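Remember, predicted model here, so these are calculated numbers, not experimental data. Only heavy atoms go into these numbers, but all of them, side chains included; no hydrogens, no water, no symmetry mates. Lettering follows sequence order; numbering is per chain, from 1.
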Number of protein chains: 2
Amino acid sequence: MRLPRQVSKQLAFVPLQDASGTIQLKLSGDDSVLEAMRSTPLESVISVRGTVQARADAVKNAKMRTGDVEVHVTDWQLLNAAEAALPFYPTQCHDTNLPKESLRARYRYLDLRRVALAENIRRRSRVAHAARCFLHSRYFTEIETPVLLRSTPEGAREFLSPTRVPQGTPPSFYALQQSPQQPKQLLMASGVTDRYFQFAKCFRDEDGRKDRQPEFTQIDVEMSFVAGADAAPWRIGGAEVRDTVEGLVHAMWDAAEMQERLPHSFPVYTYTQVMSTYGSDKPDLRFGLSIAEAARDLEAEQALDLLVLPHTTLADGSTLKLSAREISALLQRKDGTRSEIEHFKAHRNDPDALASLLLQKSRHVASVQPTVAQLRELLAPYLDAANLFAPHEPDAKLPRTIRCDVFVARRNLPVHGSSTEMGDLRLRIAETLAARYRAVYSAVPHIMWVTEFPLFTRADQEKQELVQGRWSSSHHPFTAPAAQDVPRLLDALRSAPPDATAIASIHGQHYDLVLNGMEIAGGSVRIHDPALQEAIFRSVLDLSDEETHRFAHLLHALKCGAPPHAGIAIGFDRFMAILCGTSSIRDVIAFPKSSSGADPLFASPAPLEEGPANEMTGQLAAYGLKRAT
Amino acid sequence: MRLPRQVSKQLAFVPLQDASGTIQLKLSGDDSVLEAMRSTPLESVISVRGTVQARADAVKNAKMRTGDVEVHVTDWQLLNAAEAALPFYPTQCHDTNLPKESLRARYRYLDLRRVALAENIRRRSRVAHAARCFLHSRYFTEIETPVLLRSTPEGAREFLSPTRVPQGTPPSFYALQQSPQQPKQLLMASGVTDRYFQFAKCFRDEDGRKDRQPEFTQIDVEMSFVAGADAAPWRIGGAEVRDTVEGLVHAMWDAAEMQERLPHSFPVYTYTQVMSTYGSDKPDLRFGLSIAEAARDLEAEQALDLLVLPHTTLADGSTLKLSAREISALLQRKDGTRSEIEHFKAHRNDPDALASLLLQKSRHVASVQPTVAQLRELLAPYLDAANLFAPHEPDAKLPRTIRCDVFVARRNLPVHGSSTEMGDLRLRIAETLAARYRAVYSAVPHIMWVTEFPLFTRADQEKQELVQGRWSSSHHPFTAPAAQDVPRLLDALRSAPPDATAIASIHGQHYDLVLNGMEIAGGSVRIHDPALQEAIFRSVLDLSDEETHRFAHLLHALKCGAPPHAGIAIGFDRFMAILCGTSSIRDVIAFPKSSSGADPLFASPAPLEEGPANEMTGQLAAYGLKRAT
């Protein structure tokens, strides 16, 4: 119980707070009792005895959940006094006067007294329990898999943990699990259950990424005996996983008592659709601002995409407009080089002039040669539309009139990767506008499945170190190719070297769940045929014998009679951040680390203590290690 | 679906297995269908279409859960073929013909097809969910705490994980959490909830201990605003934790569908009681064989304890008896030195002779000088008792007649530590007898609380390296002293050096939960007074400024107004082993490690791969580390 105070002479009113809320205490009469209360420091812990009574109508507080009552105190006791001066006073912090983040991080136990933060943590517990109850009601089995695993050649950078070894032996390590991918596939192969889940702690040693945590929690799901290809728009397998996740997300959404509703079934888009229209594989559909494919109809090899920047008048009469300077800043590349994107002004009142200008500029950015008439037709809906900047789906909450005067063109239709330059620009435009006009993003949540990703890529910069110019898996090497693409893949592998164009065109049975522009889940149907799995390891990914051998246990498990299986992992921290209406996952983790991976509260990571007997050397030596310098 | 087969000519009966059980398929007619089934390897995965029909009465199988029905197959499909020869066939394994453990560990995904093992894993999931439902129904909040923490000076050996550092910087490490002790106390100080729990993955780098795992799961619980000292026999605080755990254990017990019942409330013993009577702080009360304190009544400083070895006739007329050779082996110390324990024979028919002999021998082992009459009185119940080897509580299932002819004497009443030599002997006797007579252990579970442990010890060999001759905490340094002992502790600290006898006599508000001789939970009321906590750090435990500073965040949290709090951690793996009727926690973990910490399935731990560009040096160098040799 916390104790901000507000004391008069013969009468004291004290708001008393605990994890369940705040209530007003009324102390009256005995002067020594009042004096003792007066001299008790704020944030001290007290125990109170008294009667709960209705407040007089005049002093009822409708803003307070317990504002109709107060406790008439007959006796109270100091359980633990707080110091007279604390680093900050959480009950006096509001959104507008928060102490700086580093101070709050260091004294996280004080920061957790803020009602907003504490409610996030409690909500996380309720949502997690609702998720578990849902999955158990669907006959899922929760199984813990090892955190201490072996290093795997695929994936992000791992954390290692050295083990004690005999002197002279090379140092030996566990790797902390990045995800339970292999263990859960082995569970499916084992048949111990045909419906597995786990709230899994995972670890990745990635720095330089905003709002990533070195340890995070995912809801890991795997199901066996999944059916094969489904009907459009979900043309891949794993429909059982989709249905489970839709139910699961609804259960968690309800547990968080969200005001806005999610659609009963989530819309399904293909990778090609979202990359073409939004330039991202996780598009934010809370606003429109779609990218027109000028060249799609023109059948040109190099496409000309158009992004129409809005000049919008909001319902209240204000104008949603970017200045020329802002546009210029948005088009600036981070590295200072010239963007491939060009922009120019035009007037809705003269579409022919606009089309001509566009055509003229487009020569710089694309080899297509559309006619003015073609361009004019293409532009018509944008010059006309009342919903240019409105969300993808109709949303009555954002009535606007729209006038556009800026267009942007870029070349190249996307084939691989997670976003295009045009898609990134689309997000920056929205962010820039949102900074000024809060209403840019729809309050209605926008959730969607994205499917039919390319199975292989050479584009992932992150994995470049591991891949060394070879093909890598867009998702992971266990993802099954789309059923209709398998014959083409096998054909491609028959030629030596394998047919690169064919390989690039193979789609995977992979699916991502995207909510408000964030990937909150990703998964796939897995390969259960050991011959196909080995062919992909060796012939596509070009793994050496030694690299393939590291997957020997998985290959053998598939050879022992493994059922078809599929699964998914939900990023629980990120989903919770959305459910708590915060942009930072640090607001939904009790003891988060900073973006550099440091923990200012527990002061980790830290050098080993130098004990009296040179303990540091001793401990490192036990691992067969020593300091490099 | 798994497929052991049993095929005749025009008719095939095939037992088909999945995670839910086994059912019999009936295939008839079409020869090519039968031939295809005949040539499908065992353990292949198939999909079947057909109708479930009642079997004829004559071929119903009462031993099989689905023995009344069979599936008349109209169509079937091979989903994934198994190899023709597997390392072993799990459906053909029974308790008596199990392949050796190392083979099963390597092919764990096959071993998990054994129904007994698979059922353990599924039961674990049900029990965990029941535990969570119970705790949520009691308004507990589940909160995840960091696995990547900082090294702490107390506790067992940690696993470390190095982080990337700039060149020339000393190497820097996270430590993997050994338990969420400090985080959960900080949560209580924060008031984010007053009832916390977590299924926490914990890590300890201890080898050489049978059936320990480097990673394990504990159900971690902490409650704030706990009341103070309770009435006998629970004379300490934290009764709320006791009540919660008793409810929790019942909920888990019921979820496991255990046949035997637990008592509604668990009996409470003090440390002194169980150490005196059973020579262990976690006594197994499924059998009697209690230790008599010959000297307690004699008020000697050095006690003479008596352990009466049974010579028992079972109800069926067989005799429960140890041979002279067995007794001799039991008394042998592991290191080959002479035990302090002496044994000698006597005859119940001549108690005076026995007492004399005992007295004569006791001179070697104790300084007490009881009279023959005194000893005779002491021995009387043993010579007489019909329940000498019966469980501690009445158990109708073990009717026996008893005759004793062996006694053992040892000196020294226990003050610290977890067992006495006499207590260890008691267990070895039971094990030796149980190896021959299964009925030695009662089938009724025996659960108990043990309380009022000594707060400080110099006896813990495990921590000797850290302690260096200083006092150490029997449990951990945050355990509160018993309320009635606090004035004595503060007195003891006023003298310099602190009064060692007084310190040794202080009891802690610590409680262990013991089931069938295994500690399944341990916890305590914590210190919430920062001054008392700091006095214990500095004056009793003799921590240096630097060592104390490592607890600075905890001390400061207590100074910010922390409520009184108490908690406990339940060893989930061990409890599950009991709930699954197995002696090894490896039987309740999906992917366990061997006793040396190795994982034969994932082949961890392992040296770093030596990549083409000397990756190993690169990766270690990034941590500021290199190979020692």
Next item on the list: Under 4.5 Å heavy-atom distance to chain B, tell me which part of A:Leu86 shows up: side chain, backbone, both or neither.
Entry: side chain
Margin query: Heavy-atom cut-off 4.5 Å, strictly under: side chain, backbone, both or neither for B:Leu554 against chain A?
Written below: neither
Check: Among B:Ile121, B:Leu112, B:Leu148, who wins on heavy-atom pairs under 4.5 Å with chain A?
Finding: B:Leu148
Next item on the list: Indicate whether any N or O donor in one side chain lies under 3.5 Å from an N or O acceptor in the other, for A:Gln185 and A:His528.
Entry: no
Next item on the list: Using non-hydrogen atoms and a 4.5 Å limit, figure out which bit of B:Leu110 sits close to chain A: side chain, backbone, both or neither.
Entry: side chain
Next item on the list: Would you mind checking which part of B:Pro90 comes under 4.5 Å of any heavy atom in chain A, side chain (CB onward), backbone (N, CA, C, O), both or neither?
Entry: neither
Notebook entry, point to check: For the rings on B:Phe197 and B:His136, is their centre-to-centre separation under 6.0 Å?
Noted result: yes
Note to self: So for A:Pro564, is it side chain, backbone, both, or neither that comes closer than 4.5 Å to the heavy atoms of chain B?
What the structure shows: side chain
Check: Which region of A:Leu117, side chain (C-beta onward) or backbone (N, CA, C, O), has a non-hydrogen atom less than 4.5 Å from a non-hydrogen atom of chain B, or is it both or neither?
Finding: neither
Notebook entry, point to check: Counting heavy-atom pairs under 4.5 Å to chain A, which of B:Thr169, B:Leu601, B:Val115 comes out on top?
Noted result: B:Leu601
Notebook entry, point to check: Salt bridge check: are A:Arg124 and B:Glu142 linked by an N-O gap of less than 4.0 Å?
Noted result: no
Check: Between B:Phe199 and B:Arg132, is there a cation-pi geometry (under 6.0 Å to ring centre, at most 45° from the normal)?
Finding: yes
Item checked: Toward chain A, the part of B:Ile143 with a non-hydrogen atom under 4.5 Å -> side chain
Notebook entry, point to check: Salt bridge between A:Arg150 and B:Asp599, side-chain N to carboxylate O under 4.0 Å?
Noted result: no
Note to self: At a 4.5 Å cut-off on heavy atoms, which part of B:Ala606 comes close to chain A: side chain, backbone, both, or neither?
What the structure shows: both
Checklist line | Region of A:Tyr623 in contact with chain B, defined by heavy-atom distances below 4.5 Å | finding: side chain
Check: Can you tell which of B:Thr193, B:Asp194, B:Leu79, B:Leu160 has the highest number of heavy-atom pairs within less than 4.5 Å of chain A?
Finding: B:Leu160
Margin query: Between A:Ala603 and chain B, with a heavy-atom cut-off of 4.5 Å, which part of the residue counts as in contact: side chain, backbone, both or neither?
Written below: both
Next item on the list: With A:Lys593 as the cation and A:Phe602 as the aromatic partner, state whether NZ or CZ is under 6.0 Å from the six-membered ring centre and within 45° of the axis.
Entry: no
Check: Under a 4.5 Å heavy-atom cutoff, which of B:Arg108, B:Arg122, B:Arg106, B:His129 has the most pairs with chain A?
Finding: B:His129
Check: Is a salt bridge present between A:Glu119 and A:Arg114, judged by a nitrogen-to-oxygen distance below 4.0 Å?
Finding: no
Notebook entry, point to check: Tell me, side chain or backbone of A:Thr141 under 4.5 Å from chain B's heavy atoms, or both, or neither?
Noted result: both
Notebook entry, point to check: For A:Pro592, is it the side chain, the backbone, both or neither that has a heavy atom under 4.5 Å from a heavy atom of chain B?
Noted result: neither
Next item on the list: Work out which heavy atom in B:Pro563 is nearest to a heavy atom in B:Ser224; give both atom names and the distance.
Entry: CG-CB, 3.6 Å
Next item on the list: Under 4.5 Å, counting heavy-atom pairs only, tell me which of B:Pro214, B:Ser125, B:Gly597, B:Ser604 racks up the most with chain A.
Entry: B:Ser125
Margin query: Taking every non-hydrogen pair under 4.5 Å, which of A:Ser172, A:Ser20, A:Gly168 racks up the most with chain B?
Written below: A:Ser172
Item checked: Among B:Thr163, B:Val165, B:Leu149, residue most engaged with chain A (heavy-atom pairs, under 4.5 Å) -> B:Leu149
Next item on the list: Identify which part of B:Phe572 has an atom lying under 4.5 Å from any heavy atom of chain A, answering side chain, backbone, both or neither.
Entry: side chain
Item checked: Closest heavy-atom pair and its distance - B:Tyr89, B:Ala85 -> OH-CA, 3.7 Å
Check: Any chance the rings of A:Tyr109 and B:His556 have centres within less than 6.0 Å?
Finding: yes
Check: For A:Lys559, is it the side chain, the backbone, both, or neither that has a heavy atom closer than 4.5 Å to a heavy atom of chain B?
Finding: both
Check: Are a donor atom and an acceptor atom from the side chains of A:Gln198 and A:Thr145 found within less than 3.5 Å of each other?
Finding: yes
Check: Would a distance-only check, ignoring hydrogens and angles, find a side-chain to backbone donor-acceptor pair under 3.5 Å from B:Glu158 to B:Leu176?
Finding: no
Notebook entry, point to check: Do you see a donor-acceptor pair shorter than 3.5 Å between the side chains of A:Gln17 and A:Thr91?
Noted result: no
Margin query: Tell me which of these, A:Ala128, A:Cys133, A:Ala590, has more heavy-atom pairs under 4.5 Å with chain B than the rest.
Written below: A:Cys133
